[in-house]
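The next block holds one structure in the form of structure tokens; read it before the comments.
Counting begins at 1 with the first residue of the sequence.
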Amino acid sequence: MPKPHILVVDDRPNMIHLLQKVLRADATIHTAASGTEAVNILEARLVSAVVCDLRMPDMSGIDVLRACKRLQPMAEFVLMTAYASVPTAIEAMREGAYDYVTKPFEPDNLRAVVLRALSRASVPSIGDVGAPGQPAEVLPGLLGKSELMRHLGDQVRRVAATDATALVLGETGTGKERIARAIHELGPRARERMISVNCAAIPAELLESEIFGYTRGAFTGALRDRAGLFEEADLGTLFLDEIGDMRLSLQAKLTRAVEERAIRRLGESKERTVNVRLVAATHRNVEAMVQAGSFREDLWYRLNVAVIRVPSLRDRPEDIELLAMHFLRERVAVEPQRRGEAISRAAVDALKAYGWPGNVRQLRSAIERASIEAGSGPVDVQHLPPEVTASGSPELGTNLVSMKWHAAIELGRREAGRQYLQAVLKRYSGRIAEAAVHAGVERESFYRLLRRYGVQLDSNAIEPEK
């Protein structure tokens with residue numbers, strides 16, 4: 001398995017050399033001869049732990065600790081100090097340091113402290129997966145070496161450093177919740193709670209009480225007072241996933257909560273002040289929804305402070321092999337008897353040729369299935385799910401649109417149905433009536449098929465339903 005990454009900070013070259021010698025068997029070591037250099041490294045590269053001297057000419061170890069907790073709050077911090085500075089080291093632990101070691105120290109003792117810190121660190125040890133010199137993890141739990149992902153990582157870090165409301169847009173399966181969590185963990189509220197709710201998973205009539213809370217007797221079944229998610233997330237972050245599915249009346253109440261930083265429980269007349277950072281996400285086209293009247297314009301303006309658009313997997317094919325290998329290694333780590341950590345070039349080519357409508361989530365599932373099929377050997381084309389290999393067939397892509405719907409779906413693959421609907425819509429420039437005639441189904445049936453197969457429509461390109 002790839003080694004974790006540790007940053008060692010000390011202004012004395014002999015101490016840097018000693019620490020490299022003690023820790024190099026356990027981790028990939030990065031070094032800094034000053035606090036300023038350490039901060040520059042923390043801004044550019046993710047690490048699992050920092051081992052830092054307390055006294056340095058330009059910045060103290062406490063200053064580096066504070067910068068580390070701001071830039072990489074998931075990394076663990078170990079302070080090195082002389083006996084006379086132990087009270088300062090204890091104060092550093094109150095500020096978030098994992099532990100401290102006093103000089104002079106036994107190398108084995110320092111190594112034991114650092115290994116304990118690494119066991120707690122929440123930064124995955126996957127930095128070596130990417131290209132040489134380029135970390136593969138652009139954000140906590142989010143891999144990529146493409147320019148799109150590096151840009152995404154930079155944008156999220158900039159947004160996270162503020163306390164602004166953020167909106168994360170992207171297709172299903174692209175990792176929007178991971179982005180939201182990174183905004184929280186890299187931001188000023190990292191020490192507080194992040195509360196998440198999927199607005200599409202809770203019935204509309206219950207979502208309001210879930211978010212804002214209620215008082216006893218507010219409705220049938222309200223037997224006691226209950227705080228809502230806004231109150232639970234106070235001082236922290238509230239993540240509203242799939243906010244595009246929220247009904248308009250609740251959007252109005254949410255808009256006021258964001259503007260006034262105050263909420264009112266159901267059945268209660270008084271307002272309660274809350275201090276919450278709001279992060280929302282949706283796979284829908286919010287701008288088109290605003291134009292169609294299905295999303296409130298004032299809420300859109302409130303959310304449009306910091307918009308982060310997560311690229312689809314098909315837009316960054318150079319990341320597919322990296323992700324596939326990572327998921328395969330995860331599988332082997334869980335079931336080491338499989339031992340297979342290899343993917344054939346032909347299988348990689350097939351993965352890159354596929355459109356991945358389910359994005360990274362679908363790729364993970366595909367690799368898990370392929371790993372089971374491959375057993376202890378390398379993953380090859382025949383081990384991949386049939387929809388992946390079928391979609392890479394030029395013959396399928398050429399002939400599919402010429403068929404009627406029922407003939408296309410007889411191919412027996414859900415992906416063929418999705419591709420068929422997209423191809424027919426493209427041929428008729430989104431004109432539903434003509435596309436339905438081509439498919440040989442009623443217009444209403446065509447709409448149902450679009451919903452069933454998850455085909456998203458550009459509201460500017462389709463006819464309004466009559």
Side-chain angles (χ1 to χ4, degrees), residues 148 167-174 176 199-200 242-248 251 281-297 299-300 303-304 307-317 353-359 361-362 387-388 390-466:
L148 282 174
L167 177 63
V168 185
L169 302 176
E171 296 178 4
T172 299
T174 50
K176 296 188 294 295
C199 299
E242 297 303 347
I243 196 171
D245 289 62
M246 182 181 289
R247 64 187 181 186
L248 286 168
Q251 289 179 27
T282 181
H283 71 279
R284 298 183 181 276
N285 185 335
V286 182
E287 294 99 324
M289 292 179 69
V290 170
Q291 292 178 6
S294 56
F295 197 91
R296 289 184 63 95
E297 189 173 21
L299 179 56
W300 164 239
L303 297 177
N304 196 21
V307 176
I308 297 171
R309 300 180 188 274
V310 188
S312 65
L313 186 56
R314 63 181 170 275
D315 290 335
R316 51 186 185 106
Y354 183 54
W356 299 109
N359 291 289
R361 184 183 299 149
Q362 185 188 8
E387 64 269 18
V388 174
S391 68
S393 166
E395 182 178 79
L396 177 62
T398 301
N399 296 333
L400 195 61
V401 74
S402 65
M403 302 176 185
K404 295 292 185 184
W405 165 258
H406 297 292
I409 205 61
E410 280 177 6
L411 291 173
R413 301 185 181 97
R414 176 179 176 84
E415 177 58 22
R418 188 187 70 85
Q419 287 187 21
Y420 174 83
L421 293 167
Q422 289 179 329
V424 172
L425 281 171
K426 183 176 180 180
R427 170 174 285 192
Y428 293 98
S429 302
R431 296 189 296 274
I432 297 295
E434 294 176 41
V437 170
H438 176 98
V441 297
E442 295 294 328
R443 188 166 172 275
E444 291 75 12
S445 298
F446 194 85
Y447 272 108
R448 285 196 295 270
L449 292 170
L450 294 175
R451 289 192 292 269
R452 182 188 306 169
Y453 284 81
V455 177
Q456 299 296 317
L457 296 174
D458 181 352
S459 63
N460 295 323
I462 65 172
E463 306 164 0
E465 256 188 295
K466 296 182 175 64

Ignoring hydrogens, what is the shortest heavy-atom contact between [X] and [Y]? Give both atom names and the distance.
X      : Y      : result
Glu242 : Cys199 : O-CB, 3.4 Å
Leu148 : Pro311 : CD1-CB, 4.0 Å
Leu425 : Ala435 : CD2-CB, 4.4 Å
Ala281 : Leu167 : N-CD1, 4.1 Å
Val388 : Trp356 : CG2-CH2, 3.9 Å

Where the side chain of [X] meets the backbone of [Y], is there a donor-acceptor pair that is under 3.5 Å apart?
X      : Y      : result
Gln251 : Phe295 : no
Asn359 : Leu313 : yes
Lys176 : Gly170 : yes

Mind checking the [atom1]-[atom2] spacing from [X] to [Y]? Nearest 0.5 Å is all I need.
X      : Y      : atom1 : atom2 : value
Glu171 : Gln362 : CD    : CD    : 11.0 Å
Leu169 : Asn285 : CG    : CG    : 8.5 Å
Tyr447 : Ile432 : OH    : CD1   : 4.5 Å

TODO: Go through the steps for Val286 and Leu303 under the test side chain to side chain contact (heavy atoms under 4.5 Å, CB included), then give the verdict.
DONE: CA-CA 10 Å; Val286 182; Leu303 297 177; over 6 Å; no
Open item on the list: Taking salt bridge (Lys or Arg N to Asp or Glu O under 4.0 Å) as the definition, give me every residue that meets it alongside Glu287, ordered by chain and number, with sequence neighbours left out.
Closed with: Arg309
Open item on the list: According to side chain to side chain contact (heavy atoms under 4.5 Å, CB included), who are the partners of Arg284, at least two apart in sequence or on a separate chain?
Closed with: Asp245, Thr282, Met289
